[in-house]
Structures are given as C-alpha cells and as structure tokens.
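We name chains A, B, ... by the order of the sequence lines, and we start the count at 1 in each one.
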2 protein chains.
Amino acid sequence: MREEVQTNPHDLDEETLFVVSQTFKALGDPTRIRILNLLCCKEYSVNDIAEELNLGQSTVSHQLRFLKNLRLVKFRREGTTLYYSSADDHIMNLLHQAIDHAKH
Amino acid sequence: MREEVQTNPHDLDEETLFVVSQTFKALGDPTRIRILNLLCCKEYSVNDIAEELNLGQSTVSHQLRFLKNLRLVKFRREGTTLYYSSADDHIMNLLHQAIDHAKH
DNA sequence: ACGTTATATGATAATATATTCATATATACA
DNA sequence: TGTATATATGAATATATTATCATATAACGT
C-alpha cells in the first residue's frame with residue numbers, strides 16, 4: 001500500500017508541482033532567459049553565446065548544464081566545439097508568450 | 001542623449017528581461033504555484049488558503065504580497081476578511097499550460 | 001474603549017542560487 | 001607526445017529566497 005499524501009482535490013500532486021516549479025525556475029533568471037531567447041532560432045557554441053551576451057564562459061557553461069538537465073537545450077559536437085540549441089518547443093513557446101506579454 | 005545599452009539585436013532589453021524573469025520567478029516556487037492554482041476558479045480568504053494548502057498564515061500572507069506586487073492576484077475586503085483571487089488571466093493561462101504539459 | 005478575529009509586517013535563520021576563479025578534461029593537430 | 005583550443009567542473013563567495021516566530025495593525029461587535 002502506498003502513501004496518499006494528496007488529500008485536497010484543489011491541490012496539485014507533488015511530482016507535477018516539482019516539474020512545473022523547476023521549469024519556471026529555469027525561466028526565472030535573466031541570464032537563462034537571454035540564453036534561451038538567443039537559442040530560439042539557431043544553434044550557438046558556448047563561446048559564441050558568451051560573446052553575444054557578454055557573459056563569462058564558465059557562467060554560460062554552468063547555466064547550459066542547468067538547462068540541459070531540464071532538457072530545455074541539447075547540443076551536438078563538432079570537433080572541440082559544442083553547438084547548443086533549444087530542445088523544448090513547448091517551453092520556448094511559453095517563454096515567447098511571456099516576452100510578448102511583457103512588451104505589451 | 002540617452003545611453004544605448006542594448007547593442008545586440010538578438011538580446012532582450014533590460015526592462016523586458018526584468019519583467020519576464022520576475023514573472024517566471026513568481027511561478028517558480030511550489031508554494032506560489034499551489035496558491036495561484038487554488039485561486040484559479042474562485043476567491044479565498046487568507047486563512048482558507050492556509051487551511052486548504054496546509055500552510056502557515058504568515059507564509060500565505062507573505063506570498064500573497066509577492067503575488068500582489070506583480071499584480072498576479074487582487075483582493076476585496078469584507079469586514080476583517082480579505083478575499084484574494086487571480087488577477088492576470090494571461091499568466092494563469094501560462095501556468096495551466098505548464099501544468100498540463102507536466103502531467104503529459 | 002476593550003476584546004476578538006483576520007491579516008500584515010519585521011527580524012531571523014536556514015537554504016538555495018549565481019557568478020567567479022582556478023583547474024580539469026577532451027578533441028584536434030603538428 | 002606535446003600544444004592549443006573549447007568546454008566542463010569544483011570550490012568559494014556573495015546574494016537572494018523561504019519559512020517561521022513574534023508582534024503589529026485593522027475592522028468589528030459589545
């Protein structure tokens with residue numbers, strides 16, 4: 001028999017809550033928003049992202065790992081260079097809805 | 001003449017970045033998600049929210065202030081009781097899209 | 001004015017997060 | 001094998017966030 005934690009019908013189950021909050025947390029940081037927005041239309045190497053957005057290489061790499069763990073980005077290797085691109089159309093769509101909304 | 005900080009056409013302006021990240025930050029916490037999700041369909045008093053979600057009164061009040069500052073919720077007074085309800089249909093829509101997405 | 005109830009606020013402590021620096025790894029090529 | 005380049009990683013620090021506790025405020029009824 002398994003624990004039934006969820007008792008209130010108007011509340012969300014823990015798993016959903018975790019996934020949703022993690023996803024929005026990913027979108028809740030300016031640096032990650034800038035990276036995702038950049039990756040909207042084409043792939044970029046780590047260094048290109050750092051240059052385009054004026055960020056440190058390490059910062060970009062750390063944030064890409066974060067986004068990769070959530071499967072929001074993916075990459076492909078070419079020699080020593082890794083080309084990152086967006087991986088979740090649905091979440092990218094949410095992001096752009098919010099950006100459009102923010103711009104009025 | 002004013003400072004032109006934004007030089008890269010693929011990057012977002014600071015104002016948009018701030019609004020978007022703040023909004024997603026609001027949705028990036030389990031407690032706030034539960035509150036917003038509860039307020040989806042009807043209004044609740046602070047104490048009712050606390051009871052329904054098994055949270056402290058102070059916690060709920062603090063989070064409601066956060067959400068109110070972002071105009072994601074509004075309230076109406078009746079005697080000593082404040083009834084809170086959701087105030088931004090667009091953002092509530094984003095939230096429910098993400099919840100549906102998370103539930104597969 | 002006083003007590004009661006509902007909510008807000010301020011301070012604190014615990015935890016999480018983001019960036020930076022230094023260094024490690026991995027691939028390519030001479 | 002040695003060097004160069006691209007990226008990843010770990011540690012440390014600074015900052016932000018969250019929940020809790022105690023207390024304040026605000027409205028109401030007596």
On DNA chain C, check which nucleotide each of A/Q57 and B/Y84 is closest to and give me the residue with the more 5' one.
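So the residue in question is B/Y84.
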Using heavy-atom distances to pick each residue's nearest nucleotide on DNA chain C, tell me which of A/F66 and A/R77 is more 5'.
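On the 5' side of the pair lies A/F66.
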Taking [atom1] from [X] and [atom2] from [N], how many angstroms apart are they, rounded to a whole number?
X: A/N69; N: C/dA18; atom1: CG; atom2: P; value: 13 Å
X: B/Q22; N: D/dT17; atom1: CD; atom2: C1'; value: 12 Å
X: A/L55; N: D/dA6; atom1: CG; atom2: P; value: 17 Å
X: A/K25; N: D/dT17; atom1: NZ; atom2: C1'; value: 9 Å
X: B/L64; N: D/dA19; atom1: CG; atom2: C1'; value: 14 Å
X: B/D29; N: C/dT17; atom1: CG; atom2: C1'; value: 14 Å
X: A/Q63; N: C/dT19; atom1: CD; atom2: C1'; value: 9 Å
X: B/F75; N: C/dA6; atom1: CZ; atom2: C1'; value: 13 Å

For [N], does OP1 or OP2 lie under 4.0 Å from any side-chain N or O of [X]?
X: A/R32; N: C/dA18; answer: yes
X: A/T59; N: C/dT20; answer: yes
X: A/T80; N: C/dT27; answer: no
X: A/R65; N: D/dA8; answer: no
X: B/N47; N: C/dT5; answer: no

Answer yes when B/D88 and B/R71 have at least one side-chain N-carboxylate O distance shorter than 4.0 Å, and no when they do not.
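Not counted as a salt bridge, because no side-chain N and carboxylate O are separated by less than 4.0 Å.
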Quick one: the side chain of B/H62 and the base of D/dT17, do they pair up donor-acceptor inside 3.5 Å?
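Answer no: no donor N or O sits under 3.5 Å from an acceptor.
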Relative to the ring of A/H90, is the ring of B/H101 parallel (under 30°), tilted (30 to 60°) or perpendicular (over 60°)?
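Ring orientation, 0 to 90° scale: parallel.
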Should the pair B/F75 and B/Y84 be assigned to parallel (<30°), tilted (30 to 60°) or perpendicular (>60°) ring geometry?
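Answer is tilted, since the angle falls between 30° and 60°.
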Give A/S58 one of three labels, base, sugar-phosphate or nothing, depending on what nucleic acid heavy atoms sit under 4.0 Å from its own.
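Touches a base.
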Which comes earlier along DNA chain D counting from the 5' end, the contact point of A/L82 or that of B/E78, where each point is its nearest nucleotide?
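The residue whose closest nucleotide sits nearer the 5' end is A/L82.
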Lys NZ or Arg CZ of B/R32 over B/F66 ring: under 6.0 Å, within 45°:
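Pair B/R32/B/F66 counts as cation-pi.
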Heavy-atom donor-acceptor pair, A/S21 side chain to A/L17 backbone, under 3.5 Å:
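Yes; at least one donor-acceptor contact below 3.5 Å.
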